[in-house]
Amino acid sequence: TMQIDSIIFQNKPLLFDRKNNTVMVHFPKAIIIGNHEKIKVYFNGQPQVALLPPWKGGFVWNKDANLNDWVGLACEGIGTYIWLPCKDHWSDEADSMDMYLSVPEGLIGVSNGKLIERKKKEIGYEMFHWQVRNPINNYSININIGKYTEIRDTFYGIHQVLLTYFVLVDNRVRAEKHFKQVKGMLSAFENYFGAYPFYEDSYKLVETSYWGMEHQSCVAYGNHYINNDFNFDFIIIHESGHEWFANSITANDPADMWIHESFTTYSEALYVEYLYGKQKAIDYLMTQRNKVVAKHPMLGPRNEFYHGQKDNDIYYKGTWMLHTMRNVMNNDSLWFEAIKQLSEQFKHKIIQTEDIIAFFNTHTNYKWQLFFDQYLYKGAIPELVYKMNLNPDGTQTVTYHFKNVVKGFSMPIKIYTSKDKKMFIWINPKAKKQTVILPGNAVFNLASELFLVT
């Protein structure tokens, strides 16, 4: 959407034309795949202003409480094309990036990666040079300008990671205390997902006037230093989880955005489990269970820049889908080994849903295609229908089957047969009716805290 002034290749201007928001560039020769070439684009203009960041994105022009300029950028939904000439598709990441921000003296300009240089420029301005040494998606490129103070720390995990927090001057004391949870979060995520994937580029939290965003190595933070009922700051934990799922492992198309949000929402529960144990993690998941809508598929149409999910199921249905997978496997060692291998195998890669399914098929003792057909491609979740009949000998015959399932679907689930949940059986329902014989005093209660089944 910016004005293109000129495009230079081999010291000569290129012809180009544009249709709406697409710029077609005409090269004098074929550009061969694998060659290293340089193209320089000169552009200018006023980028789109965000109407409701980060959801309705763009640049954020604001003032802090002391009336200092406070600038941000959040454009995941709308796309990077609103401010930067680029190939604006998730499938194409830059392998590195340098950002130069010239800002009024007295303010600090913050972007992704590590600060390489800070120097005075023309009168009244200061230049900040930031460098990213890892692949980065266009929408994750970030710009922040404000009256910041800088807090530094170091995380000694699998690798040594520089931690830097840029917060408004008035919030420094609160931030120093509140951001102590970062190290515990990084420890938890390295335990489950492997090494922090951008240690060369550091880890940053940058205070913003909007809620938050998972900008790579430069997480936008705007949650006003508030912890939830489980004693953690949702924005710190969730947006940092995206460093593994969204920034390191990136979906090929926004239609596959469940890969970003489902795994990251599940990482919140794993963080709780790491600190407080498995039951507390289940308690946390139960707070999200009633947010599942289950009316629309989580996987959208590809090649349409589909970014219009009709609900939040890629978050809440998605995390419950993964929770259900774990309990279907009924083997925590295998489950945790698999999700760590997933994170490490696809580190810094662009993938799609089919890659996830193939991975789990290979690395577990279960074939998952019908499972994903059910939970990703179908809106409704499985419904367990059952009927109990008392037999003359005092036993009970339970007839059961699944409704609202794709053809061929079956799934092992746990059924409590005593009210205290100490007695249980496993059944494997499908669309066809089956039976099981239980004692006369038995109950038949689905372990609803373990499976996304009604």
Side-chain angles (χ1 to χ4, degrees), residues 255-256 258-259 262 266 282 285-286 288-301 309-311 313-314 316-331 334-335 338 353-354 356-391 395-418 421 423-439 442-454:
D256 295 78
W258 76 269
I259 296 172
S262 299
Y266 184 61
I282 291 175
L285 285 161
M286 292 300 289
Q288 300 174 324
R289 177 63 178 83
N290 63 358
K291 298 177 183 178
V292 176
V293 176
K295 290 184 178 179
H296 311 285
M298 286 198 289
L299 193 68
Q309 282 77 20
K310 296 178 173 62
D311 47 48
D313 272 1
I314 59 173
Y316 305 121
K317 184 182 177 185
T319 191
W320 266 87
M321 176 183 71
L322 297 174
H323 180 55
T324 300
M325 285 183 69
R326 173 182 178 177
N327 290 296
V328 167
M329 289 173 60
N330 197 28
N331 184 333
L334 181 61
W335 170 249
T353 296
E354 290 80 358
I356 298 284
I357 298 172
F359 172 88
F360 279 113
N361 285 343
T362 301
H363 289 79
T364 69
N365 298 320
Y366 200 87
K367 299 302 179 185
W368 295 98
Q369 185 63 56
L370 288 174
F371 179 90
F372 282 104
D373 287 348
Q374 177 68 40
Y375 284 99
L376 279 181
Y377 294 87
K378 186 177 176 66
I381 58 180
E383 180 181 346
L384 178 65
V385 180
Y386 70 96
K387 183 177 181 180
M388 304 179 74
N389 286 315
L390 185 63
N391 299 320
T395 62
Q396 299 181 87
T397 298
V398 184
T399 304
Y400 61 88
H401 70 284
F402 270 147
K403 284 178 60 178
N404 295 327
V405 292
V406 298
K407 185 177 181 180
F409 179 83
S410 65
M411 185 173 74
I413 56 175
K414 188 176 183 178
I415 299 292
Y416 296 121
T417 56
S418 63
K421 299 184 178 181
M423 304 290 290
F424 60 86
I425 60 171
W426 284 83
I427 61 174
N428 193 18
K430 54 190 71 173
K432 185 178 179 180
K433 291 181 179 180
Q434 301 176 73
T435 60
V436 63
I437 305 296
L438 296 179
V443 299
F444 190 83
N445 292 333
L446 170 70
S448 56
E449 78 280 13
L450 303 179
F451 303 94
L452 185 57
V453 174
T454 60

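Ring geometry, Y375 versus F371: the interplanar angle falls from 30° to 60°, so the pair is classed tilted.
Legend: residues meeting side-chain hydrogen bond (donor to acceptor under 3.5 Å, both in side chains) with Y416, ordered by chain and number and at least two apart, are E449. Residues passing the side-chain contact (heavy atoms from CB on, under 4.5 Å) test with T364, sequence neighbours excluded: M329, L334, A338, F360, Y366, W368. With sequence neighbours left out, F409 forms a ring pair (Phe, Tyr, Trp, His ring centres under 6.0 Å) with F402. Remark: N428 engages S410, P412 in a side-chain contact (heavy atoms from CB on, under 4.5 Å) (not counting sequence neighbours). Every residue two or more places apart in sequence or in another chain that forms a salt bridge (charged side-chain N to carboxylate O under 4.0 Å, His left out) with D256 is listed here: R302. Every residue meeting the side-chain contact (heavy atoms from CB on, under 4.5 Å) condition with E383, not counting sequence neighbours, appears here in chain and number order: V385, K403, N404, T454.
The two residues A380 and Q374 come nearest to each other via the heavy atoms O-NE2, 3.1 Å. In plain terms, the two heavy atoms of P301 and A255 that are nearest each other are O-CB, 3.3 Å. Taking every heavy atom of both residues into account, S262 and I314 meet most closely at OG-O, 2.7 Å. Heavy atoms only, all atoms of each residue included: H296 and K317 are closest at O-NZ, 4.4 Å. Across every non-hydrogen atom of L285 and W320, the tightest pair is O-NE1, 3.0 Å. Smallest separation of non-hydrogen atoms from E354 and Y377: OE2-OH, 4.0 Å.
Under a cut-off of 6.0 angstrom, the local environment of CE in M423 is sparse, with at most 12 non-hydrogen atoms contributed by other residues, nucleotides or ligands.
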Check step by step if side chain to side chain contact (heavy atoms under 4.5 Å, CB included) holds for T319 and Q288. CA-CA 9 Å; T319 191; Q288 300 174 324; 3.6 Å; yes
Could you walk me through whether T397 and N391 pass the side-chain hydrogen bond (donor to acceptor under 3.5 Å, both in side chains) check? CA-CA 7 Å; T397 298; N391 299 320; 2.9 Å; yes
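How far NZ of K414 is from CG of L450: 6.0 Å, rounded to the nearest 0.5 Å. In this structure, NZ in K295 is found 12.5 Å from CD1 in I381, a value given to the nearest 0.5 Å. In this structure, the separation between CE on M298 and CD1 on I259 is 11.0 Å, given to the nearest 0.5 Å. The CD1 atom of I415 sits 4.0 Å away from atom CD1 of I427, with the distance rounded to the nearest 0.5 Å. Remark: F444 CZ to L438 CG distance equals 7.0 Å, nearest 0.5 Å. Here K433 contributes atom NZ and H401 contributes atom NE2; the two are 5.5 Å apart, rounded to the nearest 0.5 Å.
T353 and W258 form a side-chain donor-acceptor contact under 3.5 Å, judged by distance and modelled atom types alone.
Put simply, the side chain of I282 reaches to within 4.5 Å of the side chain of H323, judged on heavy atoms. Inter-residue side-chain proximity for L384 and P429 is flagged as met; some heavy-atom pair is nearer than 4.5 Å. Between V453 and M411, some side-chain heavy-atom pair lies under the 4.5 Å cut-off. Here the side chains of K291 and D311 are not in contact, with every heavy-atom distance at 4.5 Å or above. A heavy-atom distance below 4.5 Å is not found between the side chains of Y386 and T435.
N330 places no side-chain N or O within donor-acceptor distance of the main-chain N or O of R326, the cut-off being under 3.5 Å. Between the side chain of N327 and the main chain of F451, no donor-acceptor pair closer than 3.5 Å is present.
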